[in-house]
**Student:** 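Can you keep this structure in mind? I'll have questions shortly.
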2 protein chains.
Amino acid sequence: MSGVVTTYHQRIAQEKRALIVAAATALFLELGYDRTSLARIAERSGVSRATLFKQFPSKAALFDAMVTESWSTADEEDPPPAGNVVDGLSTIGRRYAELLSRAQMTDLFRIVIAELPRFPELANAQFSHGKMPYFESVRGYLLAEHEAGTVRVEDVDLAATQFLGMISNYVFWPTLLVPGWQVSAERVAQVVDEAVRTIVARYAAPARSDI
Amino acid sequence: MSGVVTTYHQRIAQEKRALIVAAATALFLELGYDRTSLARIAERSGVSRATLFKQFPSKAALFDAMVTESWSTADEEDPPPAGNVVDGLSTIGRRYAELLSRAQMTDLFRIVIAELPRFPELANAQFSHGKMPYFESVRGYLLAEHEAGTVRVEDVDLAATQFLGMISNYVFWPTLLVPGWQVSAERVAQVVDEAVRTIVARYAAPARSDI
DNA sequence: GCAGAGGTGAGTCACTCGGCTCACCATCGG
DNA sequence: CCGATGGTGAGCCGAGTGACTCACCTCTGC
């Protein structure tokens with residue numbers, strides 16, 4: 001992946017490959033797997049069909065490359081900042097909401113969900129690049145604070161899922177179901193803040209065994 | 001829709017129609033829209049292709065009928081029981097989790113999400129038969145209790161979304177992403193109970209404006 | 001200046017699809 | 001008994017599809 005020997009014929013090949021993947025991404029996300037033909041991909045990328053077959057052995061391989069490289073654009077985040085629980089959760093929550101709000105991510109989720117029966121291994125990628133990093137961040141925060149005695153969280157996994165669920169259920173589902181749906185940045189921030197308040201209120205509150 | 005004049009030739013037509021829809025449902029949910037051909041539907045339902053075209057003008061019409069009739073099986077619930085907030089929310093939450101856990105519903109959600117760009121009107125059906133009834137139930141409970149002074153919920157819509165999100169994020173996403181995923185009934189009940197506790201802890205707790 | 005890597009355009013192949021039509025058959029109701 | 005309603009089987013059509021091949025062109029790098 002680094003700046004290897006460059007071999008100036010391979011350079012062109014990589015450029016062509018990038019063009020193919022870009023065109024395939026746009027077409028797959030717009031039309032879905034079946035309705036996207038290799039001919040259209042070749043046409044849109046300005047590459048001959050023969051080149052396409054030399055670069056990718058099959059349509060499935062091209063689809064897989066498209067998903068993989070799309071995910072890689074979502075992994076540019078640096079680790080969450082240290083600080084108190086409220087600030088930490090707010091930061092993670094806002095990033096999570098921002099990820100789920102991107103139109104490109106929504107379309108990617110849609111096609112991955114649609115094609116999961118045919119590409120079951122994509123579920124792992126969906127988890128590892130989507131929910132998992134945020135889940136682990138939330139989990140880490142809650143666990144640390146629990147051990148510090150600030151909060152009392154018996155089921156950390158459940159609490160983290162609750163937190164992310166309160167956000168995704170508001171931000172993600174409408175964008176996934178209604179094409180072109182937009183949630184204002186202010187509303188997103190408000191939703192995240194309320195989610196943080198709810199989690200804190202639950203697990204920082206004195207134990208109420210009578211409920 | 002009632003037991004009309006029966007016309008004993010139409011009876012056979014309706015039986016054939018039911019066979020067609022049943023076969024189409026199985027094939028659409030298993031293979032998706034594009035990979036399901038009308039020929040296979042006719043074959044599986046034991047009906048000739050000509051009959052299929054007489055009953056349904058197009059593949060899209062058949063798909064629409066399939067989705068509509070699949071949703072109708074989800075609307076057999078009676079109104080939620082009266083009682084205190086905790087019991088009410090628990091009942092609604094359990095029903096919601098049960099709905100989201102059904103394998104058939106998961107497959108239906110999957111294909112609806114996948115085909116939404118082509119059938120945008122399905123989003124309305126998704127809402128009105130899926131989340132909406134439960135959302136309204138939760139909303140009604142919280143609103144009534146708010147007006148009664150038991151709890152203090154400024155944004156009832158948000159609170160209802162939070163509650164359902166805590167459940168669906170645990171129950172629904174894994175079943176949607178991982179084929180064959182199962183969550184035990186005990187765990188589901190536990191998740192619902194914890195969601196109720198969290199909501200109650202947040203909105204029944206004394207106002208903490210300092211957070 | 002030439003070998004070879006890589007891209008190109010055109011074309012072939014076997015196949016499937018949704019849509020449609022037609023002549024013919026089975027059964028019920030008057 | 002006979003007409004009408006509805007189902008049947010077969011076949012055709014135009015359009016795409018993924019996969020694959022081959023002769024040819026265009027550059028780079030030695």
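Each chain gets a letter, A, B and so on, in the order its sequence line appears, and its residues count up from 1. No hydrogens, no waters, no symmetry mates; every other heavy atom, side chains included, goes into these values.
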**Student:** Would you please confirm or rule out a distance under 4.0 Å between OP1 or OP2 of dC20(C) and any side-chain N or O of K54(B)?
**Tutor:**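 Answer is no, no contact under 4.0 Å.
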**Student:** To the side chain of L38(A), which of dA19(D), dG18(C), dG7(D) is closest?
**Tutor:** dA19(D)
**Student:** Can you tell me how far C1' of dT8(C) sits from CG of L19(A), to the nearest Å?
**Tutor:** 15 Å
**Student:** Whole Å only: how far is the CD atom of E15(B) from the C1' atom of dC28(C)?
**Tutor:** 14 Å
**Student:** Would you say CD of Q190(B) has more than 12 non-hydrogen atoms from neighbouring residues, nucleotides or ligands within 6.0 angstrom?
**Tutor:** yes
**Student:** Without decimals, in angstroms, what is the distance between L27(B) CG and dC17(C) P?
**Tutor:**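 Result: 11 Å.
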**Student:** Do the charged groups of K59(B) and D64(B) touch, with an N to O distance under 4.0 Å?
**Tutor:** no
**Student:** Base, sugar-phosphate, or nothing: which does Q55(A) touch, judged by heavy atoms less than 4.0 Å apart?
**Tutor:** sugar-phosphate
**Student:** Round to the nearest Å and state the distance from L31(A) atom CG to dG16(D) atom P.
**Tutor:**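 Going from CG in L31(A) over to P in dG16(D) covers 14 Å.
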**Student:** Under 4.0 Å between a Lys/Arg side-chain N and an Asp/Glu carboxylate O for E98(B) and R102(B)?
**Tutor:**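 The answer is yes: the pair qualifies as a salt bridge.
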**Student:** Classify S37(B) by what it touches in the nucleic acid, base, sugar-phosphate, or nothing, heavy-atom distance under 4.0 Å.
**Tutor:**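 Contact class for S37(B): sugar-phosphate only.
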**Student:** Quick one: E43(A) CD to dA10(C) C1', roughly how many Å, whole number?
**Tutor:** 15 Å
**Student:** Calculate the interatomic distance between L52(B) atom CG and dA10(D) atom P; express it in whole Å.
**Tutor:**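 Rounded to whole Å, this separation is 16 Å.
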**Student:** Counting side-chain heavy atoms from C-beta on, which of dG7(D), dG19(C), dG18(D) comes nearest to K59(B)?
**Tutor:** dG19(C)
**Student:** Near R40(B) CZ, under 6.0 Å, is it more than 12 heavy atoms from other residues, nucleotides or ligands?
**Tutor:**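 Check fails, neighbour count at 12 or below.
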**Student:** Determine whether R35(B) and E30(B) make a side-chain contact, defined as any pair of heavy atoms from C-beta on separated by less than 4.5 Å.
**Tutor:**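 The answer is no; the side chains never approach within 4.5 Å.
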**Student:** Check the interface with nucleotides 3-5 of chain D: list each N/O to N/O pair with the protein under 3.5 Å, or write none.
**Tutor:**
{"from": "dT5(D)", "atom 1": "O2", "to": "H9(B)", "atom 2": "NE2", "distance (Å)": "3.2"}

**Student:** Would you call R11(A)-E15(A) a salt bridge at under 4.0 Å N-O?
**Tutor:** yes
**Student:** Output yes when at least one side-chain N/O atom of S48(A) is less than 4.0 Å from OP1 or OP2 of dT8(C), else no.
**Tutor:** yes
**Student:** Taking the nucleotide of DNA chain D with the closest heavy atom to each, which residue, A50(A) or D34(A), is nearer the 5' end?
**Tutor:** D34(A)
**Student:** What is the distance, rounded to the nearest whole Å, between atom CZ of R17(A) and atom P of dG6(C)?
**Tutor:**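 Rounded to whole Å, this separation is 14 Å.
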**Student:** Has E121(A) got more than 12 heavy atoms of other residues, nucleotides or ligands less than 6.0 Å from its CD?
**Tutor:**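 Yes.
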**Student:** Can you find a donor-acceptor N/O pair under 3.5 angstrom joining the side chain of R49(B) to the base of dG19(C)?
**Tutor:** yes
**Student:** What integer distance in Å separates I41(A):CD1 from dA19(D):C1'?
**Tutor:**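 Going from CD1 in I41(A) over to C1' in dA19(D) covers 14 Å.
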**Student:** Nearest to the F53(A) side chain among dC20(D), dT8(C), dG7(D), which nucleotide is it?
**Tutor:**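 So the side chain of F53(A) is nearest to dC20(D).
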